Amino acid sequence: MEAYYYQHLPKPQQAAYHAMKTGFAALSPGFSVPRLENRELSDIFFRLRLDCPEIFYVTGFTYRFTPGAENVELLPEYLFDKAKIRDHQKALASRVDKLARPAMNMTASEKERYIHDFICQNVRYDKLKKPYSHEIIGPLGQGVGVCEGIAKSVKILCDALGLWCIIAVSEANPDQGVKYRHAWNILKLDGQYVHLDATFDNSLGHDGVIRYDYFNLDDKRLFRDHQPVIYPVPACAASDRFYYREAKLSFTKVEDVVKRAQMAIRKGLPFVFHWRGGPFTREVLIQLVQALEEAAQKRNRHAAVSYNRPQAVLQVHFPAKLPQEAAAEEEANEGEQYEGE
């Protein structure tokens with residue numbers, strides 16, 4: 001697959017990138033790279049690991065140099081000893097192959113959903129943020145991860161299935177309560193670029209429901225609750241690829257919402273939908289909740305609503321008992337508040 005971040009580096013930095021990739025692959029204790037500023041080398045190292053999630057075993061580096069020399073000696077910091085790295089490489093390669101095999105003959109859209117659903121069903125957020133949770137070894141090997149590890153796992157599975165995919169990274173914004181950088185993916189489907197944030201969908205899923213609030217978003221929708229990216233990425237302009245639009249679960253009229261809700265009530269299933277009938281205001285929310293409750297009462301049920309305000313997605317359950325609150329706001333995030341922090 002295309003090494004996206006490599007392609008966007010100037011020649012001297014590409015040389016350092018290539019030297020790092022070769023040295024890490026050989027598990028070398030030290031190797032020569034072109035002499036650049038420490039900040040530049042750190043940036044290249046970060047981009048390399050976005051392009052190559054299979055380099056999960058290097059956590060950082062130091063370097064030493066001789067004054068006036070054109071190169072420096074880079075000294076990697078490995079997560080494990082060489083023998084253990086080889087064991088993990090074999091295990092992860094086998095794991096990726098096993099996961100990819102059932103999806104080989106799927107369409108591109110089916111492959112994307114297969115990967116997304118695997119993450120949402122099999123990976124939980126690691127609130128302790130162990131070193132391996134930032135790499136594919138966390139989600140694919142241990143079933144836990146943070147956004148970086150999850151985005152890298154999505155990419156390596158996309159690579160295995162022939163899907164164009166990169167990792168996007170946004171900066172932290174403490175003034176808005178965003179403590180950490182966040183990572184997600186951009187895919188190219190039928191020539192169109194779309195955002196996929198499996199971490200945010202994972203944080204919303206509960207009661208056995210897989211959410212698709214961040215499945216194939218365009219820039220306008222994604223950046224309602226994501227910070228600007230730290231590196232340039234392709235523009236995502238395709239608004240009609242959004243999951244709920246394609247699944248015909250995006251509504252502009254309250255009566256259409258009620259009709260689909262009635263089907264869910266009869267089948268005893270939860271109901272998830274997107275509101276597209278103008279701004280998702282408090283007044284619209286109240287109107288929807290009242291309509292859903294009235295529909296539920298006709299079947300001796302009630303409507304328990306949770307909603308993702310930025311993306312205007314609502315999830316409804318229909319319990320026999322009246323819920324304590326008719327509508328609860330959910331916040332898609334890194335997963336901390338869903339892990340008790």
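In this text the structure is predicted, and so the values were computed from the model without any measurement.
- Salt-bridge formation is not detected for the pair Lys220/Asp218: no Lys NZ or Arg NE/NH1/NH2 atom is positioned less than 4.0 Å from an Asp or Glu carboxylate oxygen.
- Under the ring-ring contact (aromatic ring centres under 6.0 Å, His included) criterion, His116 pairs with Tyr212, Phe215, not counting sequence neighbours.
- Residues Ser306 and Gln315 bring no donor and acceptor atom of their side chains to less than 3.5 Å of each other.
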* To do: Apply side chain to side chain donor-acceptor pair (under 3.5 Å) to His182 and Gln227, showing your working.
  => CA-CA 8 Å; His182 181 61; Gln227 298 299 311; over 6 Å; no
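- Under a 3.5 Å cut-off, the side chain of Glu40 and the backbone N or O of Glu37 do form a donor-acceptor pair.
- Note that CG of Leu222 and NE2 of His195 are 4.0 Å apart. Values are rounded to the nearest 0.5 Å.
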* Given Gln287 and Glu283, is the side chain to side chain donor-acceptor pair (under 3.5 Å) satisfied, shown in steps? -> CA-CA 6 Å; Gln287 186 181 8; Glu283 290 71 27; over 6 Å; no
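- Put simply, the side chain of Asp225 never gets that close to the backbone of Ala332: no donor and acceptor are under 3.5 Å apart.
- Aromatic pair Phe80/His88: centroids less than 6.0 angstrom apart.
- No side-chain donor from either of Tyr214 and Asn185 sits under 3.5 Å from a side-chain acceptor of the other.
- Side chains of Arg276 and Ser250: a donor on one and an acceptor on the other come within 3.5 Å.
- Between Trp275 and Tyr307, the ring centre distance reaches or exceeds 6.0 Å.
- At most 12 heavy atoms of other shown residues, nucleotides or ligands fall within 6.0 angstrom of atom CG in Asn105.
- Using a 4.0 Å cut-off between charged nitrogen and carboxylate oxygen, Glu148 and Arg181 do not count as a salt-bridge pair.
- Both Val154 and Met104 sit in one connected hydrophobic cluster of ILVMFWY residues. Membership requires side-chain heavy atoms under 4.5 Å apart, directly or through other members.
- Arg47 is linked by a salt bridge (Lys or Arg N to Asp or Glu O under 4.0 Å) to Asp43, counting only residues two or more places apart in sequence or in another chain.
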* Apply side chain to side chain donor-acceptor pair (under 3.5 Å) to Glu246 and Asn216, showing your working. => CA-CA 10 Å; Glu246 289 200 329; Asn216 293 353; 4.9 Å; no
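- Judged by distance alone, the side chain of Asp197 and the main-chain N or O of Trp184 form no donor-acceptor pair under 3.5 Å.
- No more than 12 heavy-atom neighbours from other residues, nucleotides or ligands sit within 6.0 angstrom of NE2 on His18.
- Under a 3.5 Å cut-off, the side chain of Ser94 and the backbone N or O of Ala91 do not form any donor-acceptor pair.
- Every ring-ring contact (aromatic ring centres under 6.0 Å, His included) that Tyr17 has, sequence neighbours left out, goes to Tyr6.
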* **Residues Leu157, Phe118; criterion side-chain contact (heavy atoms from CB on, under 4.5 Å); working and verdict** => CA-CA 10 Å; Leu157 290 170; Phe118 165 78; 4.2 Å; yes
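- Atom CG of Leu50 is separated from atom CD1 of Ile166 by 9.0 Å, given to the nearest 0.5 angstrom.
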Please tabulate, for the side chains in residues 251-262, all donor-acceptor contacts under 3.5 angstrom to protein atoms that are two or more places apart in sequence or on a different chain.
from   : atom 1 : to     : atom 2 : distance (Å)
Arg260 : NH1    : Lys248 : O      : 3.4

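- Nearest approach of Ser28 to Tyr78, heavy atoms of both residues: O-OH, 2.7 Å.
- Of the possible polar contacts, one joining the Arg95 side chain to the Leu140 backbone as a donor-acceptor pair under 3.5 Å is found.
- Heavy-atom minimum distance, Ala198 versus Cys120: O-SG, 4.3 Å.
- Residues Pro76 and Phe31 approach most closely at CG-CE2, 3.6 Å, considering heavy atoms.
- Closest approach of His317 and Pro270 over heavy atoms only: CE1-CB, 3.5 Å.
- Looking at Tyr57, its side chain does come within 3.5 Å of a backbone N or O of Phe24 through a donor-acceptor pair.
- Looking only at side-chain heavy atoms (C-beta outward), Ser153 and Ile150 stay at 4.5 Å or farther from each other.
- Smallest separation of non-hydrogen atoms from Ala235 and Tyr193: O-CB, 3.6 Å.
- Looking at Tyr5, its side chain never comes within 3.5 Å of a backbone N or O of Phe46 through a donor-acceptor pair.
- Going from atom CZ of Arg299 over to atom CZ of Phe318 covers 11.5 Å, rounded to the nearest 0.5 Å.
- Atoms SG and NZ, on Cys236 and Lys188 in that order, are 11.5 Å from each other to the nearest 0.5 Å.
- Rounding to the nearest 0.5 Å places CD of Glu54 at 14.0 Å from CD1 of Ile137.
- Ser109 and Arg241 share a side-chain donor-acceptor pair at under 3.5 Å.
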May I have the list of side-chain donor-acceptor pairs in residues 58-67 shorter than 3.5 Å, sequence neighbours left out?
from  : atom 1 : to    : atom 2 : distance (Å)
Thr59 : OG1    : Glu77 : O      : 3.2
Arg64 : NE     : Glu73 : OE1    : 2.6
Arg64 : NH2    : Glu73 : OE1    : 3.1

* Derivation of the ring-ring contact (aromatic ring centres under 6.0 Å, His included) call for Phe56 and His134 -> CA-CA 8 Å; Phe56 61 86; His134 291 266; over 10 Å; no
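- Both Ile44 and Ile230 belong to a single network of hydrophobic side chains, linked directly or stepwise wherever heavy atoms of I, L, V, M, F, W or Y lie under 4.5 Å apart.
- Ring planes of His274 and Tyr244: parallel class, angle under 30° (limits at 30 and 60°).
- For the residue pair Leu41 and Ala16, the shortest heavy atom distance occurs at CD2-CB, 4.4 Å.
- Every side-chain contact (heavy atoms from CB on, under 4.5 Å) that Asp81 has, sequence neighbours left out, goes to Ala83, Lys84.
- For the pair Pro310 and Glu331, the minimum side-chain heavy-atom distance is 4.5 Å or more.
- How far CZ of Arg224 is from CG of Asn308: 10.0 Å, rounded to the nearest 0.5 Å.
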